[in-house]
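Worksheet: the structure to be examined is printed underneath.
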Amino acid sequence: MAVEVVMPKLGMAMKEGTVSLWSKEVGDPVEKGEAIASINSEKIEMDIESPADGTILNIAVQEGQGVPPGTVICHIGNPNEKIISNEPVTEETEPKIHEQEKPKTKESPILPMGDRLMITPVARKMAQAANLDIEKIQGTGPGGRITKEDVQKVIEKRDFISVNTEERKVNPHPTLESSQQIPVTGMRNIIATRMKESLQSSAQLTLTMKVDVTDLVILQKQATETLQKHESTKLTITDFVAKAVVLSLKEHPKMNSAYIEDNIILYEHIHLGLAVALENGLVVPVIRNAESCTLKQLSNKGKELARGARDGQLPIEDMQGSTFTISNLGAYGVEHFTPILNTPETGILGVGSAYDTPRYIGKELERRTILPLSLTFDHRVLDGAPAAAFLQTLKRYLEEPITVIL
């Protein structure tokens, strides 16, 4: 009996999942545990593995199509099984359709022998959408079968010729460069939509400040050495920044807020979002009730959430509900930048790359370590002066790091 492959529920809040890519086509053999498709929800992208050995019998959900969790996206079974009303039947039990009841179609039947063309269903659909004559496509699959790659090559060649023809009409001396069109789908599409909505729905302004973290670097190394004598925890500068942010938000509650439907919502608790870069995008895991966490707890929870996000194992609930976000690009050598608000939040802190520079301390010139910070805030909620005051408070905590751990 054929096995149903369904859209998984990646979290309690998930309402829809989208098939971003099919790795297999109808008729392809698969093994248990082999990746057959990639899916994405609002914030997670992952591969779907085959639950059994067999053959892809049908594909019920096409690429780019969104469906609720639990929806059957394909069936896997024996090559001679057919799917009717979600139940597999063999050729012998397949109900017959009278000639007058058969739906009319322009598609030619696909037969593996004789003079009929052999073409995969996906390739046929692509060719029809592009108005291609399949009889003129050279198949490279088994027995000369036309695959989606064959159709894609023809489409790309045709489009390239079309683009260059138009360019010659405008420019008689075209360059040798060619362009590539990449569809925006999956997580990239979600990020693109969110970023555009963020900039269009809020009044964003970014303030920058340099913080002397020389003493913090010394304290961080000492604390890590002490901790590692008893456990494997390693405190980072980012951990100290996170704790300092939480303490600063407690002193400036308006920064821990949201602008929703012409109302400013002041949050009672601090749910700290930590932006994590993935191969295909960006997610923001959330440390809930961060105001009640010690420095070590913030460090452990942050690392655990980041690891789960990169492994694709983090439920959606752990990536929703942040009240303030930290984005760190220091590992890339970036100093100041303009982080975009994770709306409807009021603020997001960008952490840059620390660097050493000579600086006068009193009358003495010393080598000091400077950490660049960039604060983007919603000007609808608070003005530049209170936002700058928040940065000053944060600077005080980081330049007097002992206050962070007291």
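Residue numbers start at 1 and run along the sequence shown. Predicted model, so just to flag it, every value in this text is computed and none were measured. Every heavy atom of this structure was used, including side-chain atoms; hydrogens, water molecules and symmetry mates were not.
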Could you report the tightest heavy-atom contact between [X] and [Y], atom names first, then the distance?
| X | Y | answer |
| --- | --- | --- |
| Ile270 | Val246 | CD1-O, 3.6 Å |
| Ser38 | Asp47 | OG-OD1, 2.8 Å |
| Cys74 | Asn58 | CB-O, 3.0 Å |
| Gly384 | Phe377 | CA-CZ, 3.9 Å |
| Val30 | Ser50 | CG2-OG, 3.6 Å |
| Gly281 | Ile191 | CA-CD1, 3.6 Å |

Worksheet item: Can you check side-chain contact (heavy atoms from CB on, under 4.5 Å) on Arg188 and Ile182, steps first, answer last?
Response: CA-CA 11 Å; Arg188 186 75 260 155; Ile182 303 175; over 6 Å; no
Gap between atom [atom2] of [Y] and atom [atom1] of [X] - 0.5 Å precision:
| X | Y | atom1 | atom2 | result |
| --- | --- | --- | --- | --- |
| Glu16 | Thr71 | CD | OG1 | 9.0 Å |
| Ile48 | Leu21 | CD1 | CG | 12.5 Å |
| Lys301 | Leu305 | NZ | CG | 9.0 Å |
| Ile326 | Leu272 | CD1 | CG | 4.5 Å |
| Met126 | Thr147 | CE | OG1 | 9.0 Å |
| Leu219 | Ile237 | CG | CD1 | 8.5 Å |

Is it the case that the side chain of [X] and the backbone of [Y] share a donor-acceptor pair, with hydrogens and angles ignored and the cut-off at 3.5 Å?
| X | Y | result |
| --- | --- | --- |
| Asn328 | Gly330 | yes |
| Thr346 | Asn256 | no |
| Gln220 | Phe240 | no |
| Asn263 | Ile265 | no |
| Thr323 | His271 | yes |
| Asn78 | Asn80 | no |
| Lys395 | Lys210 | yes |
| Thr214 | Thr369 | yes |
| Thr393 | Ala389 | yes |
| Lys243 | Ser299 | no |

Taking [atom1] in [X] as the centre, count heavy atoms belonging to other residues, nucleotides or ligands within less than 6.0 Å. Is the count above 12?
| X | atom1 | value |
| --- | --- | --- |
| Lys303 | NZ | yes |
| Gln181 | CD | no |
| Gln297 | CD | yes |
| Glu366 | CD | yes |

State, yes or no, whether a side-chain contact exists between [X] and [Y] at a heavy-atom distance under 4.5 Å.
| X | Y | result |
| --- | --- | --- |
| Gln204 | Ser198 | yes |
| Ile76 | Ile36 | yes |
| His75 | Glu81 | no |
| Lys296 | Thr233 | yes |
| Trp22 | Ile73 | yes |
| Lys254 | Leu266 | yes |
| Leu314 | Val283 | no |
| Val284 | Met319 | no |

Can you tell me if [X] and [Y] form a side-chain donor-acceptor pair at under 3.5 Å?
| X | Y | value |
| --- | --- | --- |
| Thr140 | Asp150 | yes |
| Glu197 | Thr343 | no |
| Thr206 | Thr376 | yes |

Discussion item. Does Leu371 form a side-chain contact (heavy atoms from CB on, under 4.5 Å) with Leu216? I'd like the steps, not just the answer.
Written reply: CA-CA 10 Å; Leu371 182 68; Leu216 174 58; 5.6 Å; no
Item to complete: Decide side-chain contact (heavy atoms from CB on, under 4.5 Å) for Leu247 and Thr403; before the verdict, give the C-alpha distance in whole Å, the side-chain angles of both, and the deciding distance to 0.1 Å.
Response: CA-CA 10 Å; Leu247 294 172; Thr403 58; 5.9 Å; no
Worksheet item: For the ring pair Tyr332 and Phe337, is the centre-to-centre distance below 6.0 Å?
Response: no
Practice prompt. Look at the aromatic rings of His252 and Phe390 and report parallel, tilted or perpendicular, splitting at 30° and 60°.
Written response: perpendicular
Practice prompt. Under the side-chain contact (heavy atoms from CB on, under 4.5 Å) rule, what do Val211 and Leu391 come out as? Steps first, then yes or no, please.
Written response: CA-CA 10 Å; Val211 179; Leu391 268 182; over 6 Å; no
